[in-house]
Colleague: 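Sharing a structure here in structure tokens format.
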Amino acid sequence: MSNKNIVEMLNVGLGWELRALALYSHYSAYVNGIHRLHLQPFFDEEASESTTHANTVRSAIVKLGGAAITVRDATEIVHTTDYKVMLKEALKTETKAAELYEEVLELIKDDEEMYDSIEQIYFQELRSVEEVTQLL
């Protein structure tokens, strides 16, 4: 597969990371009640992780000679104060990201450094899927 195709897939991942940053920041502000005690720190941590992932993906795009996008994925962020809806939306986001990075890993096997950095993101996405599943 060409660098152009890999860059396109990485830009999809970058768009999801930027969306995740917005989603988790939004939910951190709107979670309330007793659930705020444990979910606000969780959402804040996930937002921070999304920023780190976005920076890593952006660096991979630059390394491949591509142009990184600057806008989030257009998938709607559901506005709610219902913590269960928030967690279901988080699960959708984390699952989508994990699936995407799994596909990307197949395409970058020849670049050990890039493979390692994207694999770390993939593992963190899988961990997030497990965490959110447990919270539900």
Side-chain angles (χ1 to χ4, degrees):
M1 181 164 280
S2 73
N3 281 2
K4 181 181 177 197
N5 293 338
I6 297 169
V7 166
E8 287 173 6
M9 288 189 73
L10 288 170
N11 266 322
V12 171
L14 180 55
W16 276 92
E17 295 298 348
L18 296 174
R19 180 185 177 277
L21 172 60
L23 175 128
Y24 287 122
S25 296
H26 185 75
Y27 288 167
S28 176
Y30 281 93
V31 68
N32 57 42
I34 191 72
H35 304 290
R36 183 174 185 81
L37 295 174
H38 65 281
L39 289 180
Q40 183 183 23
F42 173 75
F43 291 148
D44 288 342
E45 182 180 326
E46 290 296 319
S48 178
E49 183 177 279
S50 295
T51 299
T52 301
H53 290 177
N55 289 337
T56 301
V57 172
R58 198 175 289 111
S59 293
I61 292 168
V62 169
K63 180 179 182 179
L64 293 169
I69 63 167
T70 58
V71 295
R72 70 174 181 85
D73 182 88
T75 302
E76 177 189 12
I77 294 174
V78 176
H79 174 73
T80 184
T81 57
D82 183 333
Y83 80 96
K84 287 183 182 178
V85 173
M86 292 176 181
L87 291 173
K88 287 177 184 175
E89 291 300 312
L91 183 59
K92 288 180 199 175
T93 300
E94 298 298 337
T95 301
K96 176 68 177 173
E99 291 169 353
L100 176 77
Y101 290 124
E102 184 175 31
E103 289 179 42
V104 169
L105 286 172
E106 290 297 315
L107 306 176
I108 59 172
K109 288 181 178 177
D110 295 336
D111 186 327
E112 190 175 319
E113 180 185 352
M114 188 180 302
Y115 187 92
D116 183 55
S117 63
I118 300 300
E119 184 182 50
Q120 292 302 314
I121 294 173
Y122 171 64
F123 289 150
Q124 289 169 347
E125 299 295 354
L126 290 177
R127 185 215 61 202
S128 293
V129 167
E130 183 63 29
E131 276 186 282
V132 173
T133 301
Q134 290 176 4
L135 289 168
L136 279 168

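Reckoned from all heavy atoms, side chains included, excluding hydrogens, waters and symmetry mates.
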Colleague: Please assess E130 against Q134 for the test side-chain hydrogen bond (donor to acceptor under 3.5 Å, both in side chains), listing each intermediate value before the final yes or no.
Modeller: CA-CA 6 Å; E130 183 63 29; Q134 290 176 4; 3.0 Å; yes
Colleague: Tracing side-chain links under 4.5 Å among I, L, V, M, F, W and Y, which residues wind up in one group with L135?
Modeller: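 Hydrophobic cluster check, L135: joined to L23, Y24, Y27, Y30, V31, L39, F42, F43, I77, V78, Y83, V85, M86, L87, L91, V129, V132, L136.
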Colleague: Assess the residue pair T80 and D82 against the criterion (side-chain hydrogen bond (donor to acceptor under 3.5 Å, both in side chains)); give the C-alpha distance rounded to whole Å, side-chain angles, the decisive distance to 0.1 Å, and a yes or no.
Modeller: CA-CA 5 Å; T80 184; D82 183 333; 5.2 Å; no
Colleague: Where do T93 and A20 come nearest, in terms of heavy atoms and distance?
Modeller: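 Taking T93 first and A20 second, the nearest heavy atoms are CG2-CB, 3.9 Å.
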Colleague: Applying the side-chain contact (heavy atoms from CB on, under 4.5 Å) criterion to V104, which one of I118, I121, V57 satisfies it?
Modeller: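 Among I118, I121, V57, the one that satisfies the side-chain contact (heavy atoms from CB on, under 4.5 Å) with V104 is I118.
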Colleague: CE/M9 to CG/L14 distance, rounded to the nearest 0.5 angstrom?
Modeller: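 M9 CE to L14 CG: 13.5 Å, rounded to 0.5 Å.
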Colleague: Should we say atom CG of D110 is surrounded by more than 12 heavy atoms from elsewhere, each under 6.0 Å from it?
Modeller: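 At most 12 heavy atoms, drawn from other residues, nucleotides or ligands, come within 6.0 Å of this atom.
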Colleague: Provide the closest heavy-atom pair for L105 versus E119 in the form atom of the first, atom of the second, distance.
Modeller: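 Residues L105 and E119, closest heavy atoms: CD2-N, 3.6 Å.
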Colleague: Which value, rounded to the nearest 0.5 Å, describes the distance between E17 atom CD and N11 atom CG?
Modeller: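 Here the rounded value is 12.0 Å.
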Colleague: Please report the closest heavy-atom contact between A67 and V7, naming both atoms and the distance.
Modeller: N-CG1, 4.4 Å
Colleague: Check P41 against R36 and note the closest heavy-atom contact, atom names and distance.
Modeller: CD-O, 3.7 Å
Colleague: E76 and R19: which non-hydrogen atoms are nearest, and at how many Å?
Modeller: O-NH2, 2.8 Å
Colleague: Write down the atom of A60, the atom of M114, and the distance for their closest heavy-atom approach.
Modeller: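 In this case the closest contact between A60 and M114 is O-CE, 3.8 Å.
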